[in-house]
J.: 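Let me begin by handing over the structure; questions about it come next.
We use all heavy atoms of the structure for the numbers below, so side chains are in, but hydrogens, waters and symmetry mates are not. Note that this is a predicted model, so its numbers are computed, not measured.
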Amino acid sequence: MQMEQTSIEDAKEALKVYQKNGGQELRNEPIIHYLPIVRSAAVQLRGMAGSILQQEDLVDQGVIALMDCIERYDESRGAKFETYAFLRVRGSMIDYIRSQDWVPHRARSFQKKVDEACAALPHQWMREPEAKEVADYMGVPVETVENHMRYMNHASLLSFENVLQDMTGLVAKEELESGEISGKPEESLSYKEMQRALADAVNALGEKERLVIALYYCEELKYTEIGEVLGIGQSRVSQIHTKAIGKLKDSMEKYMRG
């Protein structure tokens, strides 16, 4: 979320003017100034949305949350508007994605069969199976397995993002209670501890899992591009990604429980 210093000052002034005088026309000014918050949150959550939602739907939901933040913001509580709004906007987007998607019983039942195939086939091929081999083992079309893997990958990302949202919320709560609000959560001790815990969780992953995570999140490569780098199929990349996210989720949940 990048805003030039002059833009920040203009945004603050527009927010103050609206809160003092009200009116829909004046409200549009701070909304326009703070739209980068919405765009930044939408970009961060691109992996969760995938094909489930259109990017425009996510941005629309973020704008609605931003409007609510503009109405509710109280400067006297100490938090900078940018920090307050980003957490609320991002949380609202995650809640919206959650409301659009779920993992039904039939998907979980199908996943058990996929897991059984993935456990049995390595002994036969002496390597991790491709989606076509899993599909043949299960007696279903390969498209069915590939679609299911994509679906479960999105569900796994959503679950992991929920954990991170909870942790970020705890950091913000600690800052509010301590009165040490800098507007930059990344500078807080709790946030740095959370980063270390996440780094440790990533380092504990297998070599391929770490590489897939790095290529997907740091290099922002697509599954097809990651597959070309690693010399494996797109479905295999999805498998590795889903497994890695599951491990990270478990590690961070243990960290939260202490």
J.: Quick one: pull up CG in Leu205 and NZ in Lys243 and give me the separation to the nearest 0.5 Å.
T.: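 Result: 10.0 Å between the selected atoms.
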J.: Compare every heavy atom of Met138 with every heavy atom of Ala117, then report the nearest pair and how far apart it is.
T.: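 Heavy-atom minimum between the residues: CB-CG, 4.3 Å.
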J.: How long is the gap from CG on Leu66 to CD1 on Ile32, to the nearest 0.5 Å?
T.: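 CD1 of Ile32 is found 11.0 Å from CG of Leu66.
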J.: Among residues at least two apart in sequence or on other chains, which ones pass side chain to side chain donor-acceptor pair (under 3.5 Å) with Tyr18?
T.: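 With neighbours one apart ignored, the set is Glu71.
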J.: Among Tyr73, Phe86, Phe81, Tyr84, which residue satisfies the ring-ring contact (aromatic ring centres under 6.0 Å, His included) criterion with Tyr34?
T.: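 Answer after filtering Tyr73, Phe86, Phe81, Tyr84: Phe81.
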J.: For residues 230-241, which residue pairs pass the salt bridge (Lys or Arg N to Asp or Glu O under 4.0 Å) check, not counting sequence neighbours?
T.: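 For residues 230-241: Glu128-Arg236.
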J.: Looking only at heavy atoms, which two atoms of Ala85 and Cys69 are closest? And how far apart?
T.: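 Minimum heavy-atom separation between Ala85 and Cys69: CA-SG, 3.8 Å.
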J.: Is there a side-chain contact between Met252 and Leu198 in this structure, where contact means two heavy atoms from C-beta onward sitting under 4.5 Å apart?
T.: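 They are in contact (side-chain heavy atoms under 4.5 Å apart), so the answer is yes.
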J.: Quick one: list whatever passes side chain to side chain donor-acceptor pair (under 3.5 Å) with Arg27, sequence neighbours left out.
T.: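 None.
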J.: Check whether any side-chain heavy atom of Ile213 sits under 4.5 Å from a side-chain heavy atom of Ile245, and report yes or no.
T.: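 Yes - at least one pair of side-chain heavy atoms lies under 4.5 Å apart.
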J.: Listing request: all side-chain hydrogen bond (donor to acceptor under 3.5 Å, both in side chains) pairs with a residue in residues 197-211, at least two apart in sequence or in separate chains.
T.: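 Non-adjacent pairs meeting side-chain hydrogen bond (donor to acceptor under 3.5 Å, both in side chains): Glu209-Lys247.
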J.: Calculate, to the nearest 0.5 Å, the distance between atoms OG1 and CD1 belonging to Thr83 and Ile37 respectively.
T.: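 Spacing of OG1 (Thr83) from CD1 (Ile37) equals 8.5 Å.
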J.: Do Arg108 and Lys112 come within less than 4.5 Å of each other through their side chains, counting heavy atoms only?
T.: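 No; the side chains remain at least 4.5 Å from each other.
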J.: For Lys132, check salt bridge (Lys or Arg N to Asp or Glu O under 4.0 Å) against everything at least two apart and list the hits.
T.: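 So Lys132 forms a salt bridge (Lys or Arg N to Asp or Glu O under 4.0 Å) with Asp136.
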J.: Could you check if a side-chain atom of Thr242 sits within less than 4.5 angstrom of a side-chain atom of Met149, using non-hydrogen atoms only?
T.: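 No, every pair of side-chain atoms sits at 4.5 Å or beyond.
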J.: Rounded to the nearest 0.5 Å, how far does OH of Tyr216 lie from NZ of Lys222?
T.: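 Here the interatomic distance stands at 10.5 Å.
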J.: Do Val59 and Arg39 come within less than 4.5 Å of each other through their side chains, counting heavy atoms only?
T.: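 Result no, sub-4.5 Å side-chain heavy-atom pair not found.
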J.: Just do the side chain to side chain contact (heavy atoms under 4.5 Å, CB included) check on Leu230 and Val212 with the steps written out, would you?
T.: CA-CA 9 Å; Leu230 299 182; Val212 167; 3.7 Å; yes
J.: If you take all heavy atoms of Arg88 and Asp68, which pair is closest and at what distance?
T.: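 Nearest heavy atoms, Arg88 then Asp68: NH2-OD2, 2.8 Å.
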J.: Can you tell me which residue pairs pass the side-chain hydrogen bond (donor to acceptor under 3.5 Å, both in side chains) test with a partner in residues 138-148, sequence neighbours excluded?
T.: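 For residues 138-148: Gln111-His148, Asn147-Arg150.
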J.: Not counting sequence neighbours, which residues clear side chain to side chain donor-acceptor pair (under 3.5 Å) with Glu116? List them please.
T.: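 Not a single residue meets the side chain to side chain donor-acceptor pair (under 3.5 Å) criterion with Glu116.
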J.: Where is the tightest heavy-atom contact between Leu58 and Met93, given as atom of each residue plus distance?
T.: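 Closest approach of Leu58 to Met93: O-CE, 3.3 Å.
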J.: Compare every heavy atom of Ala135 with every heavy atom of Val142, then report the nearest pair and how far apart it is.
T.: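 The pair with the smallest heavy-atom distance is CA-CB, 3.5 Å.
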J.: Does any part of the side chain of Ile226, heavy atoms only, come nearer than 4.5 Å to the side chain of Leu211, both counted from C-beta?
T.: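 Not touching, per the 4.5 Å side-chain cut-off.
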J.: Kindly indicate whether the side chain of Lys12, heavy atoms from C-beta on, has any atom under 4.5 Å from the side chain of His33.
T.: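 The answer is no; the side chains never approach within 4.5 Å.
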J.: For Ile64, which residues count as a side-chain contact (heavy atoms from CB on, under 4.5 Å) partner, sequence neighbours excluded?
T.: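 If we apply the side-chain contact (heavy atoms from CB on, under 4.5 Å) test to Ile64, skipping adjacent residues, the hits are Gln61.
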J.: Of all residues at least two apart in sequence or in a different chain, which pass the side chain to side chain donor-acceptor pair (under 3.5 Å) check with Ser76?
T.: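 Residues passing side chain to side chain donor-acceptor pair (under 3.5 Å) with Ser76: Asp74.
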J.: Taking only residues two or more places apart in sequence, or in another chain, which ones meet Glu225 in a salt bridge (Lys or Arg N to Asp or Glu O under 4.0 Å)?
T.: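 Partners of Glu225 under the salt bridge (Lys or Arg N to Asp or Glu O under 4.0 Å) test: none.
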J.: Please list, chain by chain and in numerical order, all residues satisfying side-chain contact (heavy atoms from CB on, under 4.5 Å) with Gln124, sequence neighbours excluded.
T.: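 Counting only residues at least two positions away or on another chain, Gln124 forms a side-chain contact (heavy atoms from CB on, under 4.5 Å) with Leu121.
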J.: Calculate, to the nearest 0.5 Å, the distance between atoms CD and CG belonging to Glu228 and Leu221 respectively.
T.: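 Those atoms lie 9.5 Å apart.
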J.: Restricting to non-hydrogen atoms, name the atom on Cys118 and the atom on Val134 that form the minimum distance, rounded to 0.1 Å.
T.: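 Minimum heavy-atom separation between Cys118 and Val134: SG-CG2, 4.1 Å.
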J.: Is any side-chain heavy atom of Glu75 closer than 4.5 Å to a side-chain heavy atom of Lys80?
T.: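 Of all side-chain heavy-atom pairs linking Lys80 with Glu75, none is under 4.5 Å.
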J.: Could you pull out all residues at least two apart from Glu133 that satisfy salt bridge (Lys or Arg N to Asp or Glu O under 4.0 Å)?
T.: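 Expected list: Arg127.
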